[in-house]
Amino acid sequence: MYSEEARAFLERPLIARLATIDDDGYPHNVPLWYLLDGDDILIISDRATRKTKNVLARPQAAIAIGGDPADGTGYMIRGDVTVEEDADKAVTRRMTYRYEPKDEAERLLDLWKNDDIIILRLKPKSVVKVY
């Protein structure tokens, strides 16, 4: 699904922006962390968030990654999103250590230990280089 260039870019711990569709038909766009899993994009979220409610009602979404001057390029990935459990918080742990230094990651994981964190899995249908 991805070129070598795109895959190398997506392996970087950049902030992504996920757009879902709200109940009124408008985009709901939020910045977040992500993790590449094969061709899929994984996102962690609390079950009670608007983005989770949106994808449960309408699974179509788009994610934009990159685009800031220091990034050098950017990609928009469109696809369908499914919701999965992260019962042992393995994905949450991997993602937190990907984005935060060890001490801060451990602090956040402790803070989130009782949170109802789920995984949003975006299965790409299209990938477009946008910058």
Side-chain angles (χ1 to χ4, degrees):
M1 169 77 38
Y2 303 110
S3 67
E4 275 186 43
E5 174 191 7
R7 187 169 295 282
F9 181 84
L10 296 172
E11 290 290 345
R12 295 168 51 194
L14 300 168
I15 298 299
R17 289 150 190 90
L18 177 72
T20 59
I21 305 164
D22 72 14
D23 292 338
D24 296 321
Y26 288 97
H28 174 80
N29 196 306
V30 293
L32 42 73
W33 296 345
Y34 73 95
L35 183 65
L36 198 57
D37 182 41
D39 285 344
D40 295 350
I41 303 288
L42 302 184
I43 299 155
I44 55 172
S45 179
D46 189 283
R47 189 180 307 272
T49 63
R50 171 54 46 204
K51 66 183 165 290
T52 301
K53 292 175 184 175
N54 288 347
V55 300
L56 286 169
R58 289 160 298 285
Q60 302 81 9
I63 194 164
I65 301 170
D68 293 328
D71 298 340
T73 193
Y75 290 88
M76 181 178 65
I77 303 162
R78 293 175 28 171
D80 293 328
V81 180
T82 57
V83 175
E84 301 174 5
E85 298 299 321
D86 191 18
D88 61 0
K89 292 198 170 63
V91 172
T92 300
R93 192 172 296 102
R94 276 181 55 207
M95 198 167 311
T96 305
Y97 280 104
R98 169 179 156 89
Y99 280 90
E100 296 291 347
K102 182 179 184 249
D103 289 345
E104 180 62 6
E106 289 172 1
R107 186 189 73 76
L108 290 171
L109 290 167
D110 185 58
L111 183 68
W112 299 336
K113 67 184 172 197
N114 296 316
D115 289 0
D116 189 11
I117 297 175
I118 50 90
I119 301 163
L120 302 178
R121 178 181 294 272
L122 187 140
K123 294 196 165 290
K125 290 187 173 188
S126 70
V127 178
V128 177
K129 188 173 183 178
V130 293
Y131 304 108

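Note that NZ of K53 and NE2 of H28 are 10.5 Å apart. Values are rounded to the nearest 0.5 Å. If you take NZ on K123 and CD1 on I77, they are separated by 13.5 Å, rounding to the nearest 0.5 Å.
At least one side-chain heavy atom of I43 sits under 4.5 Å from a side-chain heavy atom of L18. The shortest distance between side-chain heavy atoms of R50 and D23 falls below 4.5 Å. For the pair I117/S45, no side-chain contact is recorded, criterion being any heavy-atom separation below 4.5 Å from C-beta on. Taking 4.5 Å as the limit, every side-chain heavy atom of I44 sits out of range of all side-chain heavy atoms of L35. Under the 4.5 Å side-chain criterion, counting only non-hydrogen atoms from C-beta, D71 is in contact with L14. E85 places a side-chain heavy atom less than 4.5 Å from the side chain of I118. Using a 4.5 Å heavy-atom cutoff, the side chains of L120 and K51 are in contact.
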Verify side-chain contact (heavy atoms from CB on, under 4.5 Å) between E100 and L108, making sure each step is shown before the conclusion. CA-CA 9 Å; E100 296 291 347; L108 290 171; 3.8 Å; yes

side-chain contact (heavy atoms from CB on, under 4.5 Å), that's the test. Do V55 and V83 meet it? Break it down for me. CA-CA 8 Å; V55 300; V83 175; 4.0 Å; yes

Would K89 and L109 satisfy side-chain contact (heavy atoms from CB on, under 4.5 Å), going step by step from the backbone distance to the final call? CA-CA 9 Å; K89 292 198 170 63; L109 290 167; 5.8 Å; no

Steps toward side-chain contact (heavy atoms from CB on, under 4.5 Å) verdict (R121, E84): CA-CA 7 Å; R121 178 181 294 272; E84 301 174 5; 2.5 Å; yes

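Side-chain N or O atoms of D37 include none that pairs as donor or acceptor with a backbone N or O of I41 at under 3.5 Å. With hydrogens and angles ignored, the 3.5 Å screen pairs a side-chain donor or acceptor of D86 with a backbone N or O of T92. Checked by atom type and distance alone, the side chain of D88 pairs as donor or acceptor with a backbone atom of A90 at under 3.5 Å.
Legend: residues meeting ring pair (Phe, Tyr, Trp, His ring centres under 6.0 Å) with Y99, ordered by chain and number and at least two apart, are W33. For the ring pair (Phe, Tyr, Trp, His ring centres under 6.0 Å) test, residues two or more places apart in sequence or in another chain that qualify with Y75 are F9.
When every heavy atom of L36 is checked against every heavy atom of Y2, the shortest pair comes out as CD1-CE1, 3.9 Å. Contact between P13 and R98 at its shortest, heavy atoms only, is CA-NH2, 3.5 Å. Contact between D80 and Q60 at its shortest, heavy atoms only, is OD1-CG, 3.7 Å. What you find for D46 and A48 is that their closest heavy atoms are OD1-N, 2.9 Å.
Residues I15 and M76 fall into different hydrophobic clusters, defined by Ile, Leu, Val, Met, Phe, Trp and Tyr side chains chained together at heavy-atom separations under 4.5 Å. Follow the hydrophobic side-chain contacts under 4.5 Å out from M1 and you reach L122 in the same cluster. No chain of hydrophobic side-chain contacts below 4.5 Å, direct or via other Ile, Leu, Val, Met, Phe, Trp or Tyr residues, connects Y26 to I63. Placement of V30 and V81 within a single hydrophobic cluster is found when ILVMFWY residues are connected by side-chain heavy-atom separations under 4.5 Å, directly or transitively.
Using a 4.0 Å cut-off between charged side-chain N and carboxylate O, R107 and D110 make no salt bridge. Residues E106 and R93 are not paired through a salt bridge, judged by the lack of any N-O separation under 4.0 Å between the basic side chain and the carboxylate.
A cation-pi arrangement, defined by a distance under 6.0 Å to the six-membered ring centre and an angle within 45 degrees of its axis, is absent between R17 and Y34.
Within 6.0 Å of the CZ atom in R58, the count of heavy atoms belonging to other residues, nucleotides or ligands exceeds 12.
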